[in-house]
2 protein chains.
Amino acid sequence: PSVEVKTALVSVFDKAGLEDLGKFLASKGVHILSTGGTAAKLRDLGCTVQDVADYTGSPEILDGRVKTLHPKVHGGLLAARGNAGHEAEMEKHSIRKIDLVVVNLYPFQEAVAKGGDFATCIENIDIGGPAMIRASAKNNAAVTILTSPGQYGKFMQEVSDNAGCTTFAFRKNMAAAAYALTSSYDSAVSAWMAGEAARLRNFRDERSKDVTEPPAKKTITFDLQMPLKYGCNPHQLPAGLCAVAGGKLPFEVVNGTPGYINLLDAINAWQLVHELAQATGLPAAASFKHVSPAGAAIGLPLSDEEKIVYEVKDKELTDVAAAYVRARNADPMCSFGDFVAISHEVDVATAMILKIEVSDGIIAPSFRPEALETLKAKKGGKFIVLKADAGFKYSDLEYRMVGGVGFMQKRNDAIFDASKLSEVVTSSKTIPDKAQKDLILASIAIKYTQSNSVGYSKNGMMVGVGAGQQSRVDCVKLAGRKVATWWLRFHPKVKGLPFKDGVKRQDRVNARVRYIEGDMEEAERGEWLKNFDAPPEPLSAEEKSSFLKGLDDVAISSDAFFPFRDSIDHATRLGVKFVAQPGGSVADKEACAFCLDALKNVTTPLQVIDACNTYGMTMAFTQLRLFHH
Amino acid sequence: PSVEVKTALVSVFDKAGLEDLGKFLASKGVHILSTGGTAAKLRDLGCTVQDVADYTGSPEILDGRVKTLHPKVHGGLLAARGNAGHEAEMEKHSIRKIDLVVVNLYPFQEAVAKGGDFATCIENIDIGGPAMIRASAKNNAAVTILTSPGQYGKFMQEVSDNAGCTTFAFRKNMAAAAYALTSSYDSAVSAWMAGEAARLRNFRDERSKDVTEPPAKKTITFDLQMPLKYGCNPHQLPAGLCAVAGGKLPFEVVNGTPGYINLLDAINAWQLVHELAQATGLPAAASFKHVSPAGAAIGLPLSDEEKIVYEVKDKELTDVAAAYVRARNADPMCSFGDFVAISHEVDVATAMILKIEVSDGIIAPSFRPEALETLKAKKGGKFIVLKADAGFKYSDLEYRMVGGVGFMQKRNDAIFDASKLSEVVTSSKTIPDKAQKDLILASIAIKYTQSNSVGYSKNGMMVGVGAGQQSRVDCVKLAGRKVATWWLRFHPKVKGLPFKDGVKRQDRVNARVRYIEGDMEEAERGEWLKNFDAPPEPLSAEEKSSFLKGLDDVAISSDAFFPFRDSIDHATRLGVKFVAQPGGSVADKEACAFCLDALKNVTTPLQVIDACNTYGMTMAFTQLRLFHH
């Protein structure tokens with residue numbers, strides 16, 4: 001049923017839009033109940049205004065803590081129109097029917113964000129406002145509730161379109177928004193009051209018995225910042241990106257329109273490079289595809305040979321650019337169309353190299369103006385550029401919904417630095433500085449790789465990432481194939497492939513990889529041969545195997561412990577000399593009951609340590625499992 | 001500061017625990033303000049009770065909609081103790097200081113759950129209660145707020161331990177819980193009022209322009225049902241499992257203590273088998289490891305040869321058991337320590353086979369009593385048994401937090417059935433019923449596999465799942481290696497391996513796989529030989545290659561379109577004859593800007609269709625991308 005707007009109650013902290021709304025209400029001859037500053041302003045606009053205290057006959061008390069919490073106000077909001085009993089009581093107690101309520105709330109979250117003390121924050125918890133909002137919204141059969149200036153325009157349109165009235169559909173929509181607001185407001189108050197973050201922080205990195213119990217009931221407010229075209233797939237919409245902590249995102253969109261998977265890549269890649277730069281003191285870069293790194297690296301200088309193989313011989317190479325080149329060249333076939341993260345300011349040298357690669361976007365904390373212009377021009381202006389907030393404070397607990405279940409866990413905020421490599425369990429005890437950096441790099445990279453995972457690194461770059469496998473040795477082999485392909489790109493026959501002039505960069509990259517893999521069907525081989533002036537001589541299995549023997553000083557890190565020696569036996573063929581793994585700690589064994597079963601009759605850790613000793617490897621137990629899902 | 005409890009306001013809908021609390025308050029001589037049924041009950045218990053209407057001098061009006069919304073009540077809750085102005089106003093208006101508030105709310109969610117009509121649900125939205133709860137919680141410097149019977153015991157202990165007083169810490173904890181309650185209450189009201197589910201449901205499976213905008217602000221209540229030992233890793237705690245929709249989980253724990261990753265596996269595996277059984281009309285099973293299927297299958301009967309190779313020759317095989325055997329035998333080395341899902345009731349035949357496998361747990365809608373006893377006895381009584389709720393209603397929108405960002409998207413509720421295979425784009429148009437089932441199976445399996453993914457299937461079972469790769473052809477090859485290993489288990493030399501007596505089942509499984517792979521280092525080979533009476537003759541590359549030529553009628557499904565013919569060229573070596581892929585639709589191309597770049601100068605779909613035609617394959621474009629992250 002349509003309801004004519006005759007009486008309104010207006011009490012707003014945020015006065016935005018009040019002028020237009022006030023004039024509109026004045027023009028419609030609406031009788032207004034109001035308080036304090038709002039009343040004064042509305043009178044100036046020509047409205048008929050009655051003070052709430054005058055209407056209730058009760059004064060404002062307790063420094064304004066109690067103004068509207070009165071039966072004459074709430075009776076006017078809650079009474080059922082047309083109900084004989086209610087109508088009689090309204091008559092008897094001189095209660096006015098209130099048709100419109102315009103209220104917004106004390107800025108509690110802003111008070112907390114500004115670092116207000118306990119008393120200030122408490123004073124900013126609104127009590128009277130939410131009570132009026134909730135009462136009006138309940139009685140949406142008759143009452144319209146407006147809770148933000150953004151709704152005023154829609155309201156005026158609604159009343160103009162409906163001869164001074166509001167429709168039920170409109171009131172119901174406004175009521176749903178009203179309860180969403182009070183819910184998110186109280187969610188913020190509860191979180192602040194629980195002081196949860198502070199209490200949890202004490203237990204970081206420790207499996208303490210004193211750890212805080214998870215909260216029995218937790219409301220998370222997802223505050224939409226950016227609708228997305230769709231979610232993981234085109235048929236999954238609506239979709240959007242929301243702020244979940246303190247009302248802001250950890251980045252800004254500077255250019256382009258990121259998609260759902262772009263953003264999953266960006267967020268994971270950014271955390272990876274940020275932690276890696278902090279742990280090593282060097283610029284870091286990552287190249288992501290499908291929420292795992294195809295490559296990641298730190299900014300160590302490139303040798304002349306590396307410059308040739310990575311096709312950057314004539315480029316300016318800053319340390320940031322070197323990190324990017326190394327990240328992109330672990331597996332350049334997979335990195336095609338990647339999302340890039342850089343820990344430091346993106347300089348012109350880096351932008352000039354990135355410019356010619358096929359890539360979807362980048363996240364970094366800042367950009368040199370010329371570098372930014374170069375990047376914005378990529379992909380016909382559609383290259384995605386995100387500016388990361390390096391000081392962002394992550395919430396301690398992460399929540400997610402999967403198949404009707406809510407999963408809650410503490411964020412994986414473990415820091416992987418050199419201290420995690422102190423428990424060396426092999427006869428060889430030495431981890432040189434270079435290898436230490438490689439192990440830190442590989443460990444942080446797999447922290448952000450879908451599990452199970454292992455990663456190989458050398459020269460400050462990942463040279464093989466094995467993601468998403470269901471057995472450990474499969475990860476070792478999968479990533480090992482990538483390592484072999486990477487290393488064989490340095491083979492003289494690969495470097496000397498006689499490309500025709502005009503073959504494009506990515507086509508050269510792919511053609512080299514296929515030459516190394518060698519498993520081409522006839523049709524593919526025909527296409528492949530078009531890249532060359534003359535058919536290249538094949539690279540034989542013996543040549544590959546012999547060249548692989550020259551690979552040395554490779555590091556490997558695993559996200560969970562190696563249950564058997566097979567992984568080490570395989571890794572040695574790929575030049576591995578340094579190993580980081582959580583180790584078969586009691587905690588790990590508890591974590592993984594099926595592993596315990598497997599270990600029942602074997603002394604597995606010893607088996608693995610023996611294998612390392614046989615091959616002269618140095619292995620550290622990190623005591624830190626790094627599953628990622 | 002400690003506050004003595006002298007005056008209490010008690011108004012509860014749920015009377016549980018009131019008797020003990022009332023007696024306690026009576027024994028302490030507390031003056032009680034109360035209403036209606038609560039007042040009567042407390043008087044019976046010997047309490048000094050004053051009716052709120054008597055205290056305020058205002059009658060209850062509007063059928064109880066307005067009882068406590070009065071300055072004398074809210075002044076008593078909100079006044080700052082010791083503030084001279086406030087104290088003077090209290091004196092003047094005869095306002096009592098209220099030290100304790102005991103309130104619980106009208107059961108709104110229960111009213112909705114019971115299917116109440118609009119008016120009934122509206123009537124169950126509590127207004128006065130939340131106003132008192134919020135006011136008391138704000139004034140936690142002086143007031144204790146109890147919102148559930150579960151807190152009464154703690155309160156009585158607190159007062160007994162503190163000479164009739166409450167401490168600040170206690171009041172603050174209760175206040176945080178109070179706001180969490182009001183927040184979650186309003187979140188439920190908002191969701192119901194928005195009628196969101198109903199509106200969204202209209203747009204299922206369609207990329208409609210009319211799709212509802214994502215809500216600007218959404219609070220999700222995570223209602224803890226089960227604290228977990230830890231999250232993804234031992235250092236991530238607290239952790240827990242929460243109800244997110246309608247206050248319940250989609251399963252019950254019947255036995256064991258599931259961990260975080262067990263539950264991720266269970267939830268994904270359950271959705272897979274449930275959808276697969278619905279699409280095919282046959283029992284379905286899945287074997288999960290690290291949130292991707294190692295195997296999945298439907299209950300087609302096994303041939304005698306399959307029974308031998310899967311070592312179930314002498315077992316009773318119901319169709320449910322057949323589904324399980326097929327799911328477990330795609331990649332039995334990976335399935336070691338898996339989580340199992342079964343779409344139908346688990347019978348004794350299935351339990352007897354599962355009994356001897358190393359496995360972590362199972363989810364199914366029901367269990368024969370004897371089967372349940374068998375399963376519960378596994379792993380020394382620790383085998384996890386979950387009973388799935390087959391009628392669970394999933395919420396339309398899924399939210400998750402990743403690295404400080406909230407991601408929201410519609411649930412992937414697309415149904416993959418035979419209708420998705422109608423757009424056949426190759427010269428060969430025929431997809432026999434058996435192949436159709438295999439394509440449906442493979443497509444639903446990859447819907448729940450970490451992306452990028454492709455899956456091969458044959459005889460109603462997955463025979464190779466390639467998960468988590470960063471390029472499409474890598475998925476095809478990775479899964480292809482699993483297909484080859486699976487098929488070679490049927491080679492006479494593998495079937496005839498001369499195992500010693502007493503070699504354990506899983507050791508036989510692993511030994512066969514390693515024999516087929518053949519890439520053993522010396523140390524491993526030494527261990528491996530201990531399984532046999534005499535050293536087995538090796539399986540040569542030529543023998544393998546020749547035996548693989550006998551593999552035929554394999555189906556393959558891909559979670560996104562094939563950009564180049566290389567995947568098809570590779571798949572043909574593994575006997576693939578049927579292909580399902582989304583196809584290079586406009587939507588897909590938009591979804592994947594880098595693919596567009598890649599396609600700029602090539603007529604790729606034609607290239608892929610040509611390849612299929614060359615090999616006599618039948619390919620359907622499903623128009624349904626199935627990325628999963």
Inset, instruction - With side chain to side chain contact (heavy atoms under 4.5 Å, CB included) as the test, would you mind laying out the steps for Val402(B) and Leu264(A) before giving the verdict? - result: CA-CA 8 Å; Val402(B) 182; Leu264(A) 280 175; 4.0 Å; yes
Nearest-0.5 Å distance, [atom1] of residue [X] to [atom2] of residue [Y]:
| X | Y | atom1 | atom2 | answer |
| --- | --- | --- | --- | --- |
| Met408(B) | Asp223(A) | CE | CG | 11.5 Å |
| Tyr399(B) | Thr221(A) | OH | OG1 | 10.5 Å |
| Met333(A) | Gln470(B) | CE | CD | 12.5 Å |
| Ile267(A) | Phe407(B) | CD1 | CZ | 5.5 Å |
| His74(B) | Ile61(A) | NE2 | CD1 | 11.0 Å |
| Ser184(A) | Lys218(B) | OG | NZ | 12.5 Å |

Inset, instruction - Decide side chain to side chain contact (heavy atoms under 4.5 Å, CB included) for Arg134(B) and Asp186(A); before the verdict, give the C-alpha distance in whole Å, the side-chain angles of both, and the deciding distance to 0.1 Å. - result: CA-CA 9 Å; Arg134(B) 299 184 73 263; Asp186(A) 284 3; 2.9 Å; yes
Legend entry - Segment of Glu398(B) engaging chain A (4.5 angstrom heavy-atom cut-off):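 For Glu398(B), backbone and side chain are both near chain A.
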So, do [X] and [Y] sit near enough that their side-chain heavy atoms are less than 4.5 Å apart?
| X | Y | value |
| --- | --- | --- |
| Gln236(B) | Phe627(A) | no |
| Asp519(A) | Arg573(B) | yes |
| Leu397(B) | Pro238(A) | yes |
| Ser58(A) | Pro71(B) | yes |
| Gln409(A) | Leu228(B) | no |
| Cys334(B) | Asp474(A) | yes |
| Gln450(B) | His290(A) | no |
| Ser183(B) | Ser183(A) | yes |

Taking every non-hydrogen atom, the tightest pair across [X] and [Y]:
| X | Y | answer |
| --- | --- | --- |
| Ile127(A) | Ala131(B) | CG2-O, 4.3 Å |
| Leu62(A) | Leu78(B) | CD1-C, 4.4 Å |
| Leu626(B) | Asn233(A) | N-OD1, 3.4 Å |
| Lys410(A) | His235(B) | NZ-O, 4.4 Å |
| Met193(A) | Ala137(B) | CE-O, 3.9 Å |
| Arg514(A) | Lys477(B) | NH1-NZ, 3.0 Å |

For each of [options], tally heavy-atom pairs with chain A at distances under 4.5 Å, and name the one with the top tally.
| options | answer |
| --- | --- |
| Lys382(B), His70(B), Arg411(B), His93(B) | His70(B) |
| Ala80(B), Ala135(B), Ser335(B) | Ala135(B) |
| Gly259(B), Gly128(B), Ser292(B), Ala119(B) | Ser292(B) |

Output the option from [options] having the highest count of non-hydrogen pairs under 4.5 Å with chain B.
| options | answer |
| --- | --- |
| Leu77(A), Val73(A), Asn140(A) | Asn140(A) |
| Ala180(A), Ser471(A), Gly468(A), Ser453(A) | Ala180(A) |
| Pro130(A), Pro59(A), Ala178(A) | Pro130(A) |
| Arg400(A), Met90(A), Lys172(A) | Arg400(A) |
| Ala141(A), Ser451(A), Gly85(A) | Ser451(A) |
| Asn452(A), Thr614(A), Thr182(A) | Asn452(A) |

Under 4.5 Å from any heavy atom of chain B, what part of [X] do you find: side chain, backbone, both or neither?
| X | value |
| --- | --- |
| Gln469(A) | both |
| Asn83(A) | side chain |
| Gln271(A) | side chain |
| Val405(A) | both |
| Ile261(A) | side chain |
| Ile122(A) | both |
| Asp63(A) | both |

Legend entry - Tyr260(B) and His629(A): CA distance, side-chain angles, deciding distance, ring-ring contact (aromatic ring centres under 6.0 Å, His included) verdict: CA-CA 10 Å; Tyr260(B) 192 94; His629(A) 282 296; 8.7 Å; no
Inset, instruction - Output, in order, the C-alpha distance, side-chain angles, deciding distance and verdict of side chain to side chain contact (heavy atoms under 4.5 Å, CB included) for Met401(B) and Phe222(A). - result: CA-CA 9 Å; Met401(B) 292 164 69; Phe222(A) 290 84; 4.1 Å; yes
